[in-house]
Amino acid sequence: MHEERSGGIDQPGFLALERELTVLLRRARANQGEMAREVHPDLESSAYGLLVRLDEHGQQRATELAAYIGVGKATMSRQLRALEELGLVARAPDPADGRAWLVELTPEGRARVGRVRDARRARYAGRLADWDPQEVSELARLLHQLNLGMEK
């Protein structure tokens, strides 16, 4: 019986993974709030990921953004209204489907998000300065693999 469990959830690697991810996620939540406030003092921390998505992928439908973030249509509409009021995003009718809206960063939104993301990467570079660049790349690769596995 013990042999079956050693390859399962009680394996030391999974115990260590759970512990380290808990610490990482706690810190990430705290950092997301700080980064959101750096973009704009009135920005909700949950909206930061939405701005990063728009920064990386450009204009998208609100429904695509809601699916990516994992929220409902009403929550996404509320967040987008707040972001519009802050001057960070703009919405326009989708030319391919007049019932849908396309959302994009405003020039002000792009500039603010860009500054915060640059500062964030600089902090990573400073904190990981003693790491080999290959280790940083390997960590990024493994985190990407983990994120893909979590989508299943």
Side-chain angles (χ1 to χ4, degrees), residues 8-9 13-129 131 133-152:
I9 63 171
F14 287 119
L15 293 170
L17 177 64
E18 177 194 17
R19 179 179 56 250
E20 297 304 326
L21 281 176
T22 298
V23 172
L24 178 68
L25 293 172
R26 179 178 44 80
R27 287 183 177 149
R29 276 190 292 275
N31 286 338
Q32 186 167 345
E34 289 173 25
M35 290 179 291
R37 285 185 297 280
E38 288 175 28
V39 170
H40 193 286
D42 298 328
L43 184 64
E44 289 183 27
S45 64
S46 60
Y48 180 76
L50 181 61
L51 296 175
V52 168
R53 178 72 176 185
L54 289 169
D55 189 41
E56 290 183 349
H57 296 279
Q59 157 180 105
Q60 294 189 346
R61 286 184 177 189
T63 52
E64 292 172 320
L65 292 168
Y68 174 76
I69 300 293
V71 297
K73 186 178 178 180
T75 299
M76 181 55 56
S77 291
R78 183 185 58 77
Q79 283 189 337
L80 290 176
R81 266 194 310 278
L83 291 171
E84 279 183 299
E85 289 171 10
L86 295 175
L88 301 174
V89 303
R91 287 190 276 187
D94 184 345
D97 180 354
R99 299 166 298 165
W101 292 89
L102 291 174
V103 180
E104 66 183 339
L105 290 175
T106 62
E108 176 70 12
R110 186 167 310 287
R112 287 175 177 252
V113 170
R115 281 193 301 272
V116 172
R117 293 188 78 196
D118 288 348
R120 181 178 175 190
R121 283 192 307 279
R123 280 194 299 265
Y124 290 151
R127 290 180 180 157
L128 302 177
W131 284 40
Q134 289 296 107
E135 290 175 321
V136 175
S137 295
E138 180 65 4
L139 176 59
R141 186 190 70 75
L142 290 171
L143 287 172
H144 178 73
Q145 189 175 334
L146 176 65
N147 285 328
L148 289 175
M150 295 298 184
E151 289 177 6
K152 294 179 183 176

S.K.: Any heavy-atom pair between the side chains of Tyr124 and Val136 that's under 4.5 Å?
M.R.: no

S.K.: Measuring from atom CD of Gln59 to atom CG of Leu65, what distance do you get when rounded to the nearest 0.5 angstrom?
M.R.: 10.5 Å

S.K.: Rounded to the nearest 0.5 Å, how far does CG of Asp55 lie from CZ of Arg117?
M.R.: 5.0 Å

S.K.: Once rounded to the nearest 0.5 Å, what's the spacing between atom CD of Glu104 and atom CG of Leu54?
M.R.: 8.5 Å

S.K.: Below 4.5 Å, heavy atoms only, C-beta onward: do Trp101 and Leu80 meet side chain to side chain?
M.R.: no

S.K.: Take Arg112 and Glu108 through the salt bridge (charged side-chain N to carboxylate O under 4.0 Å, His left out) test and state the conclusion after the steps.
M.R.: CA-CA 6 Å; Arg112 287 175 177 252; Glu108 176 70 12; 2.5 Å; yes

S.K.: Inspect the surroundings of CD in Gln134 and state if more than 12 heavy atoms from other residues, nucleotides or ligands are less than 6.0 Å away.
M.R.: no

S.K.: How long is the span from the CD atom in Gln79 to the CD atom in Glu44, to the nearest 0.5 Å?
M.R.: 6.0 Å

S.K.: When rounded to the nearest 0.5 angstrom, what distance separates CG in Leu146 from CG in Leu17?
M.R.: 6.5 Å

S.K.: Could you tell me which non-hydrogen atom of Gly87 sits nearest to which non-hydrogen atom of Thr106, and how far apart they are?
M.R.: O-OG1, 2.6 Å

S.K.: Can any side-chain N or O of Asn147 pair as donor or acceptor with the backbone N or O of Leu143 at less than 3.5 Å?
M.R.: yes

S.K.: So which atom in Pro95 and which in Leu102 form the shortest heavy-atom distance, rounded to 0.1 Å?
M.R.: CD-CD1, 3.9 Å

S.K.: Verify side-chain contact (heavy atoms from CB on, under 4.5 Å) between Leu51 and Leu43, making sure each step is shown before the conclusion.
M.R.: CA-CA 10 Å; Leu51 296 175; Leu43 184 64; 3.6 Å; yes

S.K.: Which pairs count as side-chain hydrogen bond (donor to acceptor under 3.5 Å, both in side chains) when at least one residue sits in residues 60-71, sequence neighbours excluded?
M.R.: Arg61-Asp94

S.K.: Got a list of side-chain donor-acceptor pairs under 3.5 Å for residues 21-36, not counting sequence neighbours?
M.R.:
unit_1 : atom_1 : unit_2 : atom_2 : d
Thr22  : OG1    : Glu18  : O      : 2.8
Asn31  : ND2    : Arg27  : O      : 3.4
Gln32  : NE2    : Ser45  : O      : 2.7

S.K.: Who are the side-chain contact (heavy atoms from CB on, under 4.5 Å) partners of Gln145, not counting sequence neighbours?
M.R.: Arg141, Leu142

S.K.: Step through the shown structure and confirm whether more than 12 heavy atoms of other residues, nucleotides or ligands are within 6.0 Å of CZ on Arg127.
M.R.: no

